[in-house]
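Below is one structure, written out as structure tokens, with a few remarks after it.
The residues of the chain are indexed from 1 along the displayed sequence.
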Amino acid sequence: KQSVVSTQSTGTVIENDFFIVGCLDEFTENARLIISEIFCRIHQRIEIDMLADNLNMEPAEAEKWVVNMIRLAHLDAKIDSKNGYVVMGGTSVPVYQKLIDKTKDLHLKANSCCQKIDKKLTLGI
């Protein structure tokens, strides 16, 4: 609830500031994105009505918002429209697996760089 109050009060400040009033829609969109990402990380199953309250939206608008987030790949979830829930995807990759995946080709890249340096040193460039 505090996030809704903070977002609304910040929106009021932006509306009254001559220099940043043009950024109000972008601020609101990004604030909703951050709030929903954090909310979805905490919960496995979220009521669309509760999410709408936290995003300061109507439930139908919140459902469209979630559909758009899923479509843009910001969210791994499915919508259960019959029961009014957003069900989060349960397959998360462990942190160390992410680290291994990111550094998998590091050895090959390092060797390639060393070979290029050796070649340049040999040619005297």
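Shown here are the side-chain contact (heavy atoms from CB on, under 4.5 Å) partners of Ala77, two or more places apart in sequence or in another chain: Ile70, Leu75, Val86, Met88. In this structure, the side-chain contact (heavy atoms from CB on, under 4.5 Å) partners of Asp80, at least two apart in sequence or on a different chain, are Lys82, Asn83, Tyr85. For Glu58, the side-chain contact (heavy atoms from CB on, under 4.5 Å) criterion is met by Glu61, not counting sequence neighbours.
Considering His107, Lys109, Gln115 in turn, His107 is the only one that fulfils the side chain to side chain donor-acceptor pair (under 3.5 Å) rule with Asn111.
In the hydrophobic clustering, Leu99 connects to no other residue, as no ILVMFWY side-chain heavy atoms lie under 4.5 Å from its own. Ile34 shares a hydrophobic cluster with Ile38, Ile42; the chain of contacts runs through ILVMFWY side chains whose heavy atoms sit under 4.5 Å apart.
By the 4.5 Å heavy-atom criterion applied to side chains, Ile79 and Val66 are counted as neighbours.
Across Ala52 and Ala62, no two heavy atoms sit closer than the pair CB-CB, 3.6 Å. Between Ile48 and Pro59, the shortest heavy-atom contact is CG2-O, 3.6 Å. Residue Thr7 comes nearest to Phe27 through the heavy atom pair O-CE2, 4.0 Å, listed as atom of the first residue, atom of the second, then distance.
Between Leu106 atom CG and Ile100 atom CD1 the span is 13.0 Å, to the nearest 0.5 Å. The CZ atom of Arg45 sits 9.5 Å away from the CE atom of Met50 when rounded to the nearest 0.5 Å. Annotation: the span from Arg32 atom CZ to Glu29 atom CD amounts to 7.0 Å, rounded to 0.5 Å.
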Please output the side-chain donor-acceptor pairs of residues 13-24 that fall under 3.5 Å, not counting sequence neighbours, one pair per line with the distance.
{"unit_1": "Asn16", "atom_1": "ND2", "unit_2": "Thr12", "atom_2": "O", "d": "3.0"}
{"unit_1": "Asp17", "atom_1": "OD1", "unit_2": "Phe19", "atom_2": "N", "d": "2.9"}

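Both Val67 and Ile35 are part of a single hydrophobic cluster, where members link through side-chain heavy atoms under 4.5 Å apart.
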